Structure formats: structure tokens, C-alpha cells
Amino acid sequence: MTAELILGKEISQEIYGELEARIAALKEKGITPGLAVVLVGDDPASQTYVRMKGKMCQELGMHSDTIIMPGSTTQADLLARVDSLNKDPDIHGFLIQLPLPKHIDEQAVINAIDPSKDVDCFHPFNVGRMLVGDPEFLPATPAGVQQLLIRSGIETDGKHVVVVGRSNIVGKPMAAMMMQKAEGANSTVTVVHSRTKDIGSITRQADILIVAMGRAGFITPDMVKEGAVVIDVGTNHIPDPNSKKGTRLVGDVDDNVKEKASAMTPVPGGVGPMTICMLMSNTVHAAERTYERKCSQ
Ligand code: GUN
């Protein structure tokens, strides 16, 4: 079997088309959705992500503000910036790009974000709402994975989903979302991680395997059931002397898995483009909610 490719690049374009209509409707009411992104320090990967987020806002005709703060920024300075963004009426959503420098308490900063502007869905209030099945926002990467499944017509109801990885950004919320009574969910979910014994014995039971381990080529064909759907969330830069940059982007899933899977996301061009797309979607949603709140006052 050779896997059908699930192309996030194409599916994200479909969603951007829907967002453009919602943005136009907001602009008619005098509201331009606004996203602010805060970057602390000069991590090159974070710089790239932040640049891409600003560029996408521009393309969609949204307001965007990129705030770059030095790596020496204190926690108090960053909390003061969060406070001013919480109060800024032109900013409907904002995020603090992670990881933060080691001297800053990441969770304390996330906790200071106004939950109504938390378009990353990292604030414990929003994580809790997601868990109880009453979400205001969904975290961008897991939401992107779910949209890939829904829009590719992949049945999730009653299926065994195995999530590989337990990060706060992907693994934990992904597992929580797939077990909900909701469209693109209703699955039986197992989570495996770095401390799990004999990971392959569990991943081989997956109808849908979602991999976010952060290790290049971690999932090999012997770890996958024939005909499984495989979603690769990995973004690993490995050395490649043939590339101009000297590195190449690969996922957590070995390329040969495509001979066993029925459908699979490529890296790049699979989950990657969906993350920014869902962030934009959350920002438009935040702007719509702001308008609704204003109308009901
Ligand atoms: N770093 C890696 N992924 C993310 C993300 O989705 N949001 C933020 N804020 N930082 C990240």
C-alpha cells in the first residue's frame, strides 16, 4: 500500500478562503482583527515562526504587531508587556513565542494573559474549557491536525488514536481533543511517551497514529499497522550537505512508513501550514467575540 498524502498546504488554503469572508464581514463592522506576537531573545527557529505569523496577518489584511524583546528581558518587563497587550483594544489576540529564556517562568507569563485574548489556548482556563468540552479556543497545532482529519474525510468515531508525545503544546491537548464528544473526535485514545515501555507494541494498534515526539524518523514501518492513518507533527532540522542551508526539515516518521499507511502527512507541507492557519482562525474568532460582547453591553 502507498499512502495517500494529506496536504495541509491545500487544506489550509480552503480554510483561509473561509477566513477571508469572516475578516471582510468584521471590517464592514469597523473591526480589523489584530494579532500581536512577542518574541524574547534571538532563537532562529522562533524568529522564523514569528516572521511567518506576521506575514500571514498581512496577507489576510489583519492588523499585526511583532514585539521583539532582548534575551535579557526580565520577567517583570515581560509581565508588564502582557498587561499592556491585555488592555490594547486593537489587539484581539496575542501570544508569547515559546520557548522563553530559562530565567523566565513560562507558566507565570502564560497565566497573566487575558484568557479572552489567549489565541494559543495555553492559559489554564482555556485548557480547562477544552477538557470539559466547552472550548473558546483550540490550540493551533492539535486543531490543525483535527481539521486535516475532518477535511480529508477520515473517520475518527470509535477509532483507536495513539498519540506519541505528551507536550503541553501538542501531545496532551491532542489526546484531550480526540476523546471529546465532538466532530473529528469520539476516539479511543492512548498516549505513549519517552518513558513508555515497548512503544511499538502500542503504536501498532493505532488506526490513527499522531506523532509529536521531536525525534527525526522515530516511527519506523514495523511500528505501524497496515492501512493506518499517520499524522506527522515533527519538525526536525537534520544536517544535509546537499542543501544550501546545510540542513533539511524532516518529521518524526520514517519515509518508508508511507508504504504501510493508507494516508499520511508529508513534512514539509502537512501539519506545518495548518498551525499558522488555526492561529489566524483563533484570532478572527477572538475579534468576532469582542464584537459580540460589545453588542450585548
Ligand atoms: N513554540 C512552538 N510552537 C508554539 C506555539 O504554537 N505557540 C507559541 N506561543 N510558541 C510555540
Side-chain angles (χ1 to χ4, degrees), residues 8 12 15 34-57 64-69 71 73 75 78-79 81-82 85-86 91-102 104-115 117-127 130 135-148 163 165-177 210-215 231-237 249 251-252 267-268 270-283 285-286:
S12 64
I15 298 172
L35 172 71
V37 178
V38 181
L39 173 63
V40 184
D42 51 12
D43 176 66
S46 293
Q47 284 173 334
T48 304
Y49 292 134
V50 165
R51 217 176 13 249
M52 285 162 72
K53 288 167 187 178
K55 193 164 160 255
M56 190 49 75
C57 282
S64 95
D65 195 359
T66 302
I67 298 151
I68 308 219
M69 302 177 80
T73 299
Q75 181 156 327
L78 184 54
L79 287 172
R81 182 58 78 143
V82 167
L85 289 167
N86 282 341
I91 295 300
H92 301 98
F94 68 96
L95 62 91
I96 313 296
Q97 189 66 30
L98 303 180
L100 285 170
K102 296 231 173 338
I104 297 179
D105 178 349
E106 220 160 76
Q107 195 59 51
V109 175
I110 290 170
N111 292 353
I113 297 172
D114 177 343
K117 294 192 176 189
D118 171 37
V119 284
D120 257 339
C121 192
F122 288 173
H123 191 288
F125 180 77
N126 285 322
V127 176
M130 173 193 61
E136 182 69 59
F137 300 111
L138 291 172
T141 301
V145 170
Q146 192 171 46
Q147 284 301 313
L148 288 179
V163 177
R166 55 173 164 178
S167 69
N168 283 347
I169 295 184
V170 186
K172 281 188 211 167
M174 188 80 247
M177 282 166 61
I210 303 175
V211 191
M213 192 74 158
R215 284 204 233 159
I231 306 291
D232 189 351
V233 187
T235 51
N236 309 289
H237 297 270
L249 180 65
D252 289 356
V267 177
V271 175
M274 295 300 290
T275 297
I276 289 189
C277 180
M278 300 320 291
L279 174 67
M280 297 298 136
S281 172
N282 279 348
T283 307
H285 176 76

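Quick caveat, the model's predicted, so the values are computed rather than measured. Each ligand, and each atom within it, is numbered from 1 in the order the structure gives.
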Check: residues 270-282 side-chain donor-acceptor pairs under 3.5 Å, at least two apart:
{"residue": "Thr275", "atom": "OG1", "partner": "Thr141", "partner atom": "OG1", "Å": "3.0"}
{"residue": "Asn282", "atom": "ND2", "partner": "Val119", "partner atom": "O", "Å": "2.9"}
{"residue": "Asn282", "atom": "ND2", "partner": "Leu138", "partner atom": "O", "Å": "2.9"}

(message) Between Asp118 (side chain only) and Ile113 (backbone N and O only), is there a donor and an acceptor less than 3.5 Å apart?
(response)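 No, the answer is negative, given that no donor and acceptor are paired below the 3.5 Å cut-off.
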
(request) Under the ring pair (Phe, Tyr, Trp, His ring centres under 6.0 Å) rule, collect the residues that match up with Phe122, sequence neighbours excluded. (result)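 Once residues adjacent in sequence are excluded, Phe122 has no partner under the ring pair (Phe, Tyr, Trp, His ring centres under 6.0 Å) criterion.
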
Considering only distance and modelled atom types, tabulate donor-acceptor pairs under 3.5 Å from the side chains of residues 41-52, sequence neighbours left out.
{"residue": "Asp43", "atom": "OD2", "partner": "Ser46", "partner atom": "N", "Å": "2.9"}
{"residue": "Asp43", "atom": "OD2", "partner": "Ser46", "partner atom": "OG", "Å": "2.9"}
{"residue": "Thr48", "atom": "OG1", "partner": "Pro44", "partner atom": "O", "Å": "3.1"}

(request) Looking only at non-hydrogen atoms, find the nearest pair between Lys53 and Gln97 and report the distance. (result)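 Looking at all heavy atoms of both residues, the shortest contact is NZ-OE1, 2.7 Å.
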
(message) For a quick test of reading the model, state the closest non-hydrogen atom pair linking Asn111 to His123 and the distance between them.
(response)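 Residues Asn111 and His123, closest heavy atoms: O-NE2, 3.1 Å.
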
Contacts table for ligand 1: protein N or O within a distance under 3.5 Å of ligand N or O, distances only.
{"residue": "ligand 1", "atom": "1 (N)", "partner": "Gln97", "partner atom": "NE2", "Å": "3.4"}
{"residue": "ligand 1", "atom": "1 (N)", "partner": "Leu98", "partner atom": "O", "Å": "2.9"}
{"residue": "ligand 1", "atom": "7 (N)", "partner": "Asp120", "partner atom": "OD1", "Å": "3.1"}
{"residue": "ligand 1", "atom": "7 (N)", "partner": "Asp120", "partner atom": "OD2", "Å": "3.3"}
{"residue": "ligand 1", "atom": "9 (N)", "partner": "Ile96", "partner atom": "O", "Å": "2.8"}
{"residue": "ligand 1", "atom": "9 (N)", "partner": "Asp120", "partner atom": "OD2", "Å": "2.6"}
{"residue": "ligand 1", "atom": "10 (N)", "partner": "Leu98", "partner atom": "N", "Å": "3.0"}

